[in-house]
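Below is one structure; the comments refer to it alone.
As a basis for the values below, the full set of heavy atoms in this structure was taken, side chains included, without hydrogen atoms, waters or symmetry mates. Heads up: numbering here begins at 1 and tracks the sequence.
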Amino acid sequence: MYPKLAFFLSILSLHILTTSASDPDPVQDFCIPNTELGSTRTSRFNLETCKNPKEVSPEEFVFSGIKSPGNFSNTGLSAISVNPTVFPGLNTLGMSFVRADLKVGGINAPHFHPRATEIAYVVQGKVYSGFVDSTNKVFAKIIEQGEVMVFPRGLVHFQMNVGKSSATIFGSFNSQNPGTHRIPNVIFGSGINDELLEKAFGLTLEQISVMRRKIIFPQEQGNV
């Protein structure tokens, strides 16, 4: 496991160095939020009050919450998002990451991240992975253990475990808050007018109602 982790960390470093951050550039080495003092709201951001660097410990730059899979959704996906909310050491560094596990046949439904490019590294398993560009062309292939795929910012992408055992993926983002829009949720779970959906997809109102009942939006699915 350690060689795999070392390779993954090198990928993260390369990703940070070679991509333009979508978040504001930091003006200090780091900023561990001082939760006792709270934050100041501006027109665009919550500005966190930082701890005095002399009071910061090494433990605040270590996260241990992705050693094991999280809860699985009905689509066979477990996703543990790691951002400054759960890992304060990431605050102001312009990045976040995720551990995703897929059961055999499990999928990560089509979705996109409006504020970040993603790099996905397959730790174990065999995953059909891809994205669709703005001309509606799909770029997809099966990637296996040790391989990496990049999903450009804002483009719809997806994953499916096509192997005979579970798959684990680590993803990194060049934003501490990449955002996630899952297509099924956006279409059938956001309250869009039924008549519009009926005309857009050629579905009857009854079929739209069935789709809404079938689609469950589990809270544990994070960014991936």
Side-chain angles (χ1 to χ4, degrees), residues 1 4-5 7-8 11-12 15 66-83 96-175 178-190 197 200-201 203 207-208 210-224:
M1 181 64 185
K4 297 177 186 175
L5 184 56
F7 180 77
F8 172 62
I11 290 295
L12 281 181
H15 180 43
I66 55 171
K67 293 181 178 180
S68 303
N71 298 322
F72 283 88
S73 71
N74 64 313
T75 63
L77 169 68
S78 164
I80 304 174
S81 293
V82 184
N83 53 52
S96 55
F97 56 98
V98 63
R99 170 180 175 150
D101 292 88
L102 290 163
K103 293 181 178 180
V104 175
I107 69 165
N108 188 9
H111 63 284
F112 66 94
H113 308 293
R115 294 182 291 275
T117 292
E118 177 182 1
I119 285 182
Y121 167 62
V122 180
V123 177
Q124 63 178 15
K126 184 181 293 187
V127 180
Y128 173 68
S129 181
F131 65 89
V132 181
D133 74 3
S134 57
T135 68
N136 214 33
K137 180 179 179 179
V138 63
F139 296 83
K141 65 170 295 183
I142 295 173
I143 56 176
E144 302 183 10
Q145 179 177 319
E147 294 188 305
V148 171
M149 188 167 195
V150 63
F151 305 127
R153 175 181 173 177
L155 297 187
V156 172
H157 54 281
F158 49 83
Q159 294 155 327
M160 179 171 65
N161 183 356
V162 295
K164 297 181 179 179
S165 60
S166 61
T168 301
I169 303 164
F170 278 105
S172 69
F173 306 91
N174 65 330
S175 171
T180 301
H181 291 298
R182 297 187 180 278
I183 303 305
N185 302 34
V186 169
I187 300 301
F188 296 103
S190 62
L197 295 178
F201 294 99
L203 299 173
Q207 288 171 326
I208 292 171
V210 169
M211 290 295 295
R212 285 208 170 102
R213 289 197 301 268
K214 283 185 175 181
I215 295 174
I216 302 174
F217 313 107
Q219 296 299 313
E220 69 269 12
Q221 289 191 356
N223 297 319
V224 60

Which atom pair, heavy atoms only, marks the closest approach of [X] to [Y]?
| X | Y | value |
| --- | --- | --- |
| Ser165 | Asn161 | O-ND2, 2.9 Å |
| His181 | Val186 | CB-CG2, 4.0 Å |
| His157 | Phe151 | CD2-CD1, 3.4 Å |
| Phe173 | Ala116 | CB-CB, 3.9 Å |
| Gly163 | Val104 | O-CG1, 3.5 Å |

Tell me every residue that passes side chain to side chain contact (heavy atoms under 4.5 Å, CB included) with [X], counting only those two or more places apart in sequence or in another chain.
| X | result |
| --- | --- |
| Val122 | Ile143 |
| Lys103 | Phe72 |
| Val162 | Lys126, Tyr128, Ile142, Met160 |

Starting at [atom1] of [X], measure out to [atom2] of [Y] and round the result to the nearest 0.5 Å.
| X | Y | atom1 | atom2 | answer |
| --- | --- | --- | --- | --- |
| Glu118 | Ser96 | CD | OG | 9.0 Å |
| Asn74 | Ile107 | CG | CD1 | 8.5 Å |
| Leu102 | Ser166 | CG | OG | 9.0 Å |
| Asn185 | His111 | CG | NE2 | 11.0 Å |
| Thr117 | Leu155 | OG1 | CG | 8.5 Å |
| Lys67 | Ile80 | NZ | CD1 | 12.5 Å |

- Item | Thr135: side-chain hydrogen bond (donor to acceptor under 3.5 Å, both in side chains) partners, not counting sequence neighbours | Asp133

- Task: List for me each residue that meets side-chain hydrogen bond (donor to acceptor under 3.5 Å, both in side chains) alongside Asp101, sequence neighbours excluded, and say none if there are none.
- Result: Arg99, Thr168

- Task: Take Ile119 and Val148 through the test side chain to side chain contact (heavy atoms under 4.5 Å, CB included) and record every step on the way to the result.
- Result: CA-CA 7 Å; Ile119 285 182; Val148 171; 3.3 Å; yes

- Message: Show, in sequence, the C-alpha distance, side-chain angles and deciding distance for Ser172 and Tyr121, and conclude whether the side chain to side chain contact (heavy atoms under 4.5 Å, CB included) test is met.
- Response: CA-CA 9 Å; Ser172 69; Tyr121 167 62; over 6 Å; no

- Task: Measure from the side-chain N and O atoms of His113 to the backbone N and O of Gly179, and report whether any donor-acceptor pair falls under 3.5 Å.
- Result: yes

- Should the pair Phe139 and Phe131 be assigned to parallel (<30°), tilted (30 to 60°) or perpendicular (>60°) ring geometry? parallel

- Message: For Phe201, give me all partners under ring pair (Phe, Tyr, Trp, His ring centres under 6.0 Å), at least two apart in sequence or on another chain.
- Response: none

- Any chance you could lay out the side chain to side chain contact (heavy atoms under 4.5 Å, CB included) test for Phe170 and Val82, step after step, and finish with the verdict? CA-CA 11 Å; Phe170 278 105; Val82 184; over 6 Å; no

- Message: For a side chain to side chain contact (heavy atoms under 4.5 Å, CB included) check, start with the C-alpha distance between Asn108 and Arg182, then their side-chain angles and the critical distance, and finish with the verdict.
- Response: CA-CA 9 Å; Asn108 188 9; Arg182 297 187 180 278; 2.9 Å; yes

